[in-house]
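Heads up: the structure comes next, in structure tokens.
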Amino acid sequence: MPFRRFFQSKISRMLFATFVILAIPLIVINFVITSRGIQLMRAQISGAYRNSLALIADQFQDRLKDLEMMAASMTIDDALNAMCIAEKGEENLFEYVQFQSRMRGYVNQRILKGNISVILPKQGWVISALNGIDRQEAYADFDTYWEKIGDYGTWRIRRSLKDKEEDCFSTVVGYVNQNQTNAVFVIEIEKDQVLEALSDIRTDHTMDEVFLMDAEGKIYGQDSGRYQDEDLVQAIHLANWGQEEASGDLTYRMDGRMYRVLCEPAAGGDVIGMMIDEESILRPVYATRWWAYAAVGVFFCVSLLYTFFTYRRITQPVGSLQAAMRRVESGDFTARACAHYQNELSDVTVSFNQMVERMDEMIHERYARELQMKQTQLRFLRAQINPHFLYNCLFTLYTLIKNEDLDSAADMAIYLGQYYQINTRAGDGAIPLYQDLEHVRLLIKIHNMRFQNLLSYEEEVDDALKMFKIPNLAIMTLAENSITHGLKSIHEPSLFKVQAAFEGEDVVIRVLDSGLGASDERLEEMRGALKSASVDQADARGLQNIQLRFQMLYGEETYMSVDHNTPHGLIVTLRIPKWEADGHV
């Protein structure tokens, strides 16, 4: 691959290292400057918006105090005091209506709209500026509400006095005692009115939303669905009440956007907060940062291209020449070096190519005849193998017909036809191991018909070696030799077994039988015949042929050995040293 060759070059690595040494400080400086700029911008934004939020909180608190002052001023109203001391059953409802009308007028004059309800404990009436006049019995759970009203001296988000299913922002003005005669003022501001007041105060469009939150975690906000996010509500609550020195600030990601949440104390210990779309505000800073990153990226690409161009101009021709030399060293005289550019290196490349071409011609002329002789010898050896197997099959077929075992004879004919059909399709070259094992299986079927299924067959072949190339009919010839010489007098169950496995870097193929075996003298003769590799010795001709064919395919280091099998029989071992799949499969 080009990049792998690029990094294998020392010159290229030096150029790339120089580029990295320059690029890394530039990237770090760019990152530090942009990050510091964003931090400063965030701090300035937080300060500016905190001032705005403090103004909003002050204005909102002033409007709440205006409602409280109005209610406080009505506590000294003469008509109200007269109604408070009247006995129960002697109330003047007309005075109640007049006071309710006057109170509604006061409420309508306020900037912050709300509802004021006056509770007359002694008489059991409730006069509401917006909800009219009702007895206390008309208010559900009034007794429970009255028991808790003493704790309502501050502004909180509470249940409404009239509708227990609705929340409102409320407080109580006036002295509260279970047996009192003085009136109690309950000021309630509905959610929509609170949000409208906060929206009127908000003047900056970058404020995403202004909300109100109390110490119990209840929130008034325009986007009610947003505050269904329990993580957001909990984060705001912890930022304001969860620490000894709560900061009220937090950054929160929601709906794929980053928001800055600021909070300021409001009336009664509640807080007013705002959510700022931080990404929109910091977009120019982010754009500047990305432009800086783009500049670094351009510098990176230009430097990389320059390094690669230098590599092509200097190191690539040298690398091509080195690769061609290594191929020639391994025996590949078709290797040629490429002259990429017209310079001094191209002259060296041309001279090298001319030298290799001349060496290739000389070697080809010298070994052409030798190669032709080996191919002729290979065809001769295969011709020696095929008739030997055919003779045995024909004799077996003759015996079956003579014994009038026509079904077995038919099977024999089919097996024989299948065997030669596969054999003729294989050609003269090497075939995969699994294909030659198919020959062996057919051979075992044929011989089992002769020996009444006394011959067992086993295979132990690694999956990685099933495609291993071997000379055609090599394993079958070993099987034929074992059956013909070792198992020729089968009177009891016998075994023929083929093994193929890796042993270190070598491929080892073993053929085992449990036949008659051979004497020590006979075994030494067979080993000597294999070492001499002489085709003149007929007794060992099959093993010699197989060894020669493997040596032609995998080199002279390939060798075959014959040993005793325990308890009886022979083991023929074929070893191909230092086999590499890329070179032979």
Side-chain angles (χ1 to χ4, degrees), residues 371 374-390 392-393 414-448 455-483 495-513 530 542-562 571-585:
L371 179 60
K374 285 187 177 182
Q375 291 175 347
T376 303
Q377 183 184 17
L378 177 60
R379 287 193 294 269
F380 171 73
L381 294 175
R382 292 192 67 251
Q384 285 182 307
I385 294 171
N386 290 334
H388 182 66
F389 174 68
L390 180 59
N392 287 336
C393 292
I414 291 174
Y415 294 153
L416 189 60
Q418 289 176 345
Y419 168 78
Y420 275 104
Q421 184 181 25
I422 296 172
N423 185 37
T424 53
R425 288 180 179 176
D428 293 333
I431 62 172
L433 175 61
Y434 83 91
Q435 189 172 345
D436 206 17
L437 292 178
E438 291 179 1
H439 295 119
V440 175
R441 295 187 199 107
L442 287 172
L443 182 66
I444 297 298
K445 289 180 181 179
I446 294 171
H447 284 286
N448 263 328
L455 182 59
S456 299
Y457 173 66
E458 295 182 5
E459 290 181 8
E460 293 182 0
V461 179
D462 287 356
D463 291 338
L465 290 176
K466 288 183 178 180
M467 296 302 295
F468 180 72
K469 294 296 183 65
I470 64 171
N472 192 14
L473 303 180
I475 305 300
M476 192 282 299
T477 303
L478 293 176
E480 183 66 32
N481 284 343
S482 295
I483 294 171
L495 174 66
F496 178 78
K497 187 174 184 179
V498 178
Q499 296 178 331
F502 289 100
E503 292 186 4
E505 297 180 351
D506 300 348
V507 174
V508 178
I509 301 174
R510 290 188 177 90
V511 177
L512 307 87
D513 66 69
L530 288 174
L543 297 180
Q544 287 177 329
N545 289 344
I546 295 171
Q547 179 174 270
L548 288 172
R549 294 172 67 193
F550 269 98
Q551 288 177 347
M552 290 180 186
L553 188 60
Y554 290 113
E556 297 294 333
E557 295 181 357
T558 301
Y559 64 92
M560 182 181 292
S561 62
V562 183
I571 301 176
V572 178
T573 303
L574 181 70
R575 183 176 294 270
I576 298 96
K578 298 182 180 179
W579 177 77
E580 296 180 0
D582 294 339
H584 300 293
V585 175

Self-check item: Ile475 and Leu437, any side-chain heavy atoms less than 4.5 Å apart
Solution: yes

Quiz item: About how many Å separate CG of Leu443 and CG of Leu416, when rounded to the nearest 0.5 Å?
Solution: 10.5 Å

Quiz item: So, do Arg441 and Tyr415 sit near enough that their side-chain heavy atoms are less than 4.5 Å apart?
Solution: no

Quiz item: Rounded to the nearest 0.5 Å, how far does CE of Met560 lie from CD1 of Ile576?
Solution: 9.0 Å

Quiz prompt | Partners meeting side-chain hydrogen bond (donor to acceptor under 3.5 Å, both in side chains) with Tyr457 (sequence neighbours left out) | solution = Glu459

Quiz item: Can you name the residues that form a side-chain hydrogen bond (donor to acceptor under 3.5 Å, both in side chains) with Tyr559, not counting sequence neighbours?
Solution: Arg575

Self-check item: Asn472 and His439, any side-chain heavy atoms less than 4.5 Å apart
Solution: yes

Quiz item: What residues, two or more places apart in sequence or in another chain, satisfy side-chain contact (heavy atoms from CB on, under 4.5 Å) together with Pro577?
Solution: Asp506, Glu557, Thr558

Quiz item: Which residues satisfy the side-chain contact (heavy atoms from CB on, under 4.5 Å) test with Ala500, sequence neighbours excluded?
Solution: Leu433, Val461, Leu465, Ile509

Quiz item: Counting N and O atoms only, with roles assigned by atom type, does the side chain of Glu503 sit under 3.5 Å from a partner on the main chain of Val508, one being a donor and the other an acceptor?
Solution: no

Quiz item: Would you say the side chain of Phe502 lies within less than 4.5 Å of the side chain of Val507, judging by non-hydrogen atoms?
Solution: yes

Exercise. Mind checking side-chain contact (heavy atoms from CB on, under 4.5 Å) for Ser561 and listing every partner two or more places apart, or none if nothing turns up?
Key: Asp563, Thr573

Exercise. For residues Leu543 and Leu478, determine if any side-chain heavy atom of one lies less than 4.5 Å from a side-chain heavy atom of the other.
Key: yes

Exercise. Look at the side chain of Asn448 and the backbone N and O of Leu455, then say whether any donor-acceptor pair between them is shorter than 3.5 Å.
Key: yes

Quiz item: Does Asp436 reach the main-chain N or O of Ile431 with its side chain, forming a donor-acceptor pair under 3.5 Å?
Solution: no

Quiz item: From Gln435 CD over to Met476 CE, what is the distance, rounded to the nearest 0.5 angstrom?
Solution: 12.5 Å

Quiz item: Sequence neighbours excluded, which residues qualify as side-chain hydrogen bond (donor to acceptor under 3.5 Å, both in side chains) partners of Glu460?
Solution: Lys497, Gln499

